[in-house]
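All remarks here apply to the structure that follows.
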Amino acid sequence: MRKRISLLAAGALVALGTATAPAHAADPVFTLTGPAGIGLRPHPGQSGEPQKTSVQFRIVNDSTRTFDRQSTFTIDLTGLKGVADVTLAKEQGADCKLTAAAVTCKSWALWTGDSALVGLDLSAAKDSKAGATADLTVTGAAEGATFRSATTKVRVGGPDLVLERARLKAELKPGDKQNLSIVFANEGTDPVNGVVLEMRTSHGIDLVEQYDNCSYSDDSSSGLPRNTGWTTVQCLLEGEYEPDAVYGVDGPLTLKAAPHAFIDGLTYAVYAAGDQPKADQSKAAKNRAPAAARTKLAAAKQAPKAAARSVQPAADLDPWNNIHEFDFATRNTADLVATGVSLKGKAGETVNADFGFRNDGPAWVAHLRSRNSVARTDIVIPAGAKVTKVPAGCTGVNADGTDREQTLGAPRYFCSTGHVVGEKETFVYPFQLKIETVVADAKGAITVGQWTPEGTTGQRWDPNHANDKAAFVINAKGAGPAPTPTTTTSATPSPTGSATPTTTATATPSASATGTGVTANGGLASTGSSAQVIALGGAALLVVGGGLFLAFRRKAGAHA
């Protein structure tokens with residue numbers, strides 16, 4: 001009897017174990033990614049040497065934990081025989097080996113987020129024919145994980161839209177207008193059925209005309225500042241664009257410097273229809289012209305017609321020559337005004353104080369490339385008071401401005417903006433202070449300006465330094481300075497060490513640009529370039545699926 005009971009119990013335990021064991025479906029699922037397609041310039045290439053095209057596969061771990069087991073990734077190369085030659089790119093995200101048959105990579109851990117896995121350089125094989133195709137598929141395997149594969153279609157030949165750099169004036173005055181001339185060619189082997197012209201302008205540059213075949217949108221992504229104001233215009237230019245032909249847009253495209261323009265940027269690009277970045281359609285452009293006043297924008301051929309060819313979807317052979325950028329410096333000023341604060345309290349009381357400044361304009365100020373902070377607020381605490389609460393973006397320092405370990409109870413504080421200060425924008429840094437000792441007419445100060453090791457100095461583009469400093473008084477004798485306004489402001493400190501307006505924008509690497517004969521620190525610098533990686537307003541241009549995409553490195557991002 002005991003044996004029978006034991007057998008029954010054992011069966012129950014087996015059933016229970018089967019029911020409670022982790023299901024395979026619970027394993028983490030990782031996604032492999034790569035471009036949908038790439039085009040290879042036919043052998044031997046324009047220079048007489050095979051031209052390489054790079055493709056990168058990535059791994060996405062969108063879980064909250066690192067996968068700490070070894071993973072193996074494989075790309076079958078047998079389909080490329082006679083179509084393309086392959087080499088490993090110099091930098092890899094994993095330990096990769098290349099043979100004639102496959103690329104095999106091993107990764108010892110998969111961290112959260114998106115990370116590079118393997119990069120390949122491809123060139124058309126010597127005897128390959130235009131139009132030949134092959135698939136590159138990357139698969140993954142690991143104990144306790146599932147991988148979604150990715151496939152990139154490789155094709156010999158394809159279209160190659162090449163955009164000519166427009167001649168634009170870099171130094172402007174508010175209200176200045178100039179035409180943006182768009183000329184492009186198809187230097188590839190295949191025609192393009194429809195071209196999308198994209199123009200992105202920062203907050204201080206407006207595009208005057210409106211066209212029926214263009215969409216207009218403002219960036220409204222979460223976390224982007226209101227005053228970054230990047231506007232995206234995408235126009236579908238219908239028709240077939242043949243190889244070896246040059247085309248020019250035949251409608252006016254007028255750029256106008258706004259009253260608040262200062263340091264601004266423009267990107268303009270052409271894409272095969274369907275390859276353009278997705279624009280935010282949630283907001284229509286302001287002041288759009290009535291329908292009766294609009295027409296369609298088109299492009300006209302400027303070179304002899306080439307032999308007609310069948311139109312087949314294919315990736316652009318060289319996406320980097322589809323786009324240009326340009327930087328403007330407008331002769332303008334921005335007046336930063338420190339806001340005075342007057343408090344009253346008894347010994348032992350805790351009081352709230354809002355420190356900060358406002359921009360009386362007329363210009364906005366944005367360090368779109370460097371992303372440096374536009375301004376610093378220097379707050380000196382009066383005698384008898386001790387700071388008990390400090391907002392993000394503000395740092396306690398010693399009385400001489402040198403670093404200190406303790407943030408609370410400091411005699412002085414430095415608070416920084418983000419890289420954008422909008423026209424007519426107010427910045428407020430909310431503090432709490434305890435009045436430890438009542439000192440009659442205890443005086444401190446609030447100063448706004450450019451960063452220096454000792455504190456601040458007046459901005460060179462600020463026309464009135466007399467209002468850069470305001471009084472901070474506790475238990476003032478007489479009326480004292482006007483208290484800080486209690487209205488809700490458009491700026492709050494960010495948690496990253498710089499006080500960023502809730503409407504603030506992001507931008508990108510580089511130097512300075514001159515407008516009034518003044519240099520705006522960290523502003524846009526060059527007067528026109530076709531940099532291979534363009535990161536304006538926190539955005540970088542990436543090749544994805546044969547098209548160029550603006551990826552916001554935000555931190556943040558701002559438009560360009």
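In what follows, residues are counted from 1 in the order of the sequence shown. Atom set for the values below is all heavy atoms of this structure, side chains included, hydrogens, waters and symmetry mates excluded.
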Judged by atom type as modelled, is there a donor-acceptor pair below 3.5 Å linking the side chain of T231 to the main-chain atoms of D218? no

Under the salt bridge (charged side-chain N to carboxylate O under 4.0 Å, His left out) test, which residues partner D250, sequence neighbours left out? none

Non-hydrogen atoms of P259 and P174 that approach each other most closely: CA-CB, 4.1 Å

Distance in Å, L197 CG paired with L161 CG, rounded so as to fall on 0.5 Å steps: 11.5 Å

Does the pair T152 and F57 meet the rule for a side-chain contact (heavy atoms from CB on, under 4.5 Å), with working shown? CA-CA 9 Å; T152 294; F57 292 101; 3.5 Å; yes

With sequence neighbours excluded, what pairs up with D62 under the side chain to side chain donor-acceptor pair (under 3.5 Å) test? none

How many angstroms lie between OG1 in T295 and CG in D212, if you round to the nearest 0.5 Å? 7.0 Å

Closest approach of Y211 and P252, non-hydrogen atoms and distance? OH-O, 2.5 Å

Measuring only between side-chain heavy atoms, which start at C-beta, is L255 closer than 4.5 Å to L207? yes

Would you list the pairs meeting salt bridge (charged side-chain N to carboxylate O under 4.0 Å, His left out) in which at least one residue belongs to residues 446-455, sequence neighbours left out? none

Side-chain contact test, heavy atoms from C-beta onward, threshold under 4.5 Å: evaluate it for K169 versus D176 and give yes or no. yes

For N464, check side chain to side chain donor-acceptor pair (under 3.5 Å) against everything at least two apart and list the hits. none

Donor-acceptor check, side chain of N322 to backbone of A269, threshold 3.5 angstrom: yes or no? no

With sequence neighbours excluded, residues passing ring pair (Phe, Tyr, Trp, His ring centres under 6.0 Å) with Y268: H324

Taking N213 for its side chain and K296 for its backbone only, find out whether a donor-acceptor pair lies under 3.5 Å. no

Does any part of the side chain of T377, heavy atoms only, come nearer than 4.5 Å to the side chain of I446, both counted from C-beta? yes

For residues L180 and L168, determine if any side-chain heavy atom of one lies less than 4.5 Å from a side-chain heavy atom of the other. yes

Closest heavy-atom contact between P463 and A334? CD-O, 3.6 Å

Between atom CG of N332 and atom CH2 of W364, what is the distance when rounded to the nearest 0.5 Å? 12.0 Å

Can you say whether the rings of W461 and F262 are parallel (under 30°), tilted (30 to 60°) or perpendicular (over 60°)? perpendicular

The criterion is side chain to side chain donor-acceptor pair (under 3.5 Å); which residues satisfy it with D400, sequence neighbours excluded? T402

Pair E209, T254: side-chain N/O donor-acceptor within cut-off below 3.5 Å: yes

Excluding sequence neighbours, so at least two apart, what forms ring pair (Phe, Tyr, Trp, His ring centres under 6.0 Å) with F431? F355, Y413

Under a 3.5 Å distance rule, please check whether D462 uses its side chain to pair with a backbone N or O of L336 as donor and acceptor. yes

If the condition is salt bridge (charged side-chain N to carboxylate O under 4.0 Å, His left out), which residues does K443 pass it with, not counting sequence neighbours? D441

Name all residues meeting the ring pair (Phe, Tyr, Trp, His ring centres under 6.0 Å) criterion together with F357; count only those two or more places apart in sequence or in a different chain, and write none if there are none. F427

Do E240 and N193 pass the side-chain hydrogen bond (donor to acceptor under 3.5 Å, both in side chains) test, and can you show the C-alpha distance, the side-chain angles, and the key distance before you say yes or no? CA-CA 5 Å; E240 182 175 311; N193 188 10; over 6 Å; no

Taking Q234 for its side chain and S217 for its backbone only, find out whether a donor-acceptor pair lies under 3.5 Å. no

Would T456 and V448 count as a side-chain contact (heavy atoms from CB on, under 4.5 Å) here? Give the steps. CA-CA 7 Å; T456 64; V448 62; over 6 Å; no

Side-chain heavy-atom pair L266, T201 within 4.5 angstrom cut-off: yes

Restricting to salt bridge (charged side-chain N to carboxylate O under 4.0 Å, His left out), what partner residues turn up for K389, sequence neighbours left out? none

Mind checking whether D190 and R155 have side chains closer than 4.5 Å, heavy atoms only? yes

Any donor-acceptor N/O pair, N398 side chain to D403 backbone, under 3.5 Å: yes

Heavy atoms only: give me the nearest K469-A445 pair and the separation to one decimal. CE-CB, 3.6 Å

Verify, without hydrogens or angle tests, whether S181 (side chain) and A166 (backbone) share a donor-acceptor contact under 3.5 angstrom. no

Is there a side-chain contact between M199 and C235 in this structure, where contact means two heavy atoms from C-beta onward sitting under 4.5 Å apart? yes

From CG (D378) to CG (D468), nearest 0.5 Å: 11.5 Å

I need the Q459 CD to T333 OG1 distance, nearest 0.5 Å. 12.5 Å

Between R41 and D160, is the side-chain contact (heavy atoms from CB on, under 4.5 Å) condition met? List the steps. CA-CA 9 Å; R41 194 170 294 281; D160 183 17; 2.7 Å; yes

What is the minimum heavy-atom distance between A353 and V341, and which atoms define it? CB-CG1, 4.4 Å

Counting distance only, does the side-chain N/O of R376 pair as donor-acceptor with the main-chain N or O of G455 below 3.5 Å? yes

Using side chain to side chain donor-acceptor pair (under 3.5 Å) as the criterion, list what pairs up with D206, not counting sequence neighbours. none

Flag, side chain of T330 to backbone of L172, donor-acceptor distance under 3.5 Å: no

Verify side-chain contact (heavy atoms from CB on, under 4.5 Å) between E242 and N186, making sure each step is shown before the conclusion. CA-CA 6 Å; E242 300 159 344; N186 181 1; 5.7 Å; no

Give the minimum heavy-atom separation between S373 and T417, together with the two atoms involved. OG-O, 2.7 Å

Across all chains, not counting sequence neighbours, the salt bridge (charged side-chain N to carboxylate O under 4.0 Å, His left out) partners of D360 are R358

Between the main-chain N or O of A399 and the side-chain N or O of R412, is there a donor-acceptor pair closer than 3.5 Å? yes

Does P243 reach the side chain of P191, with side-chain heavy atoms less than 4.5 Å apart? yes

Between CZ of F414 and CD1 of I379, what distance do you get to the nearest 0.5 Å? 10.0 Å

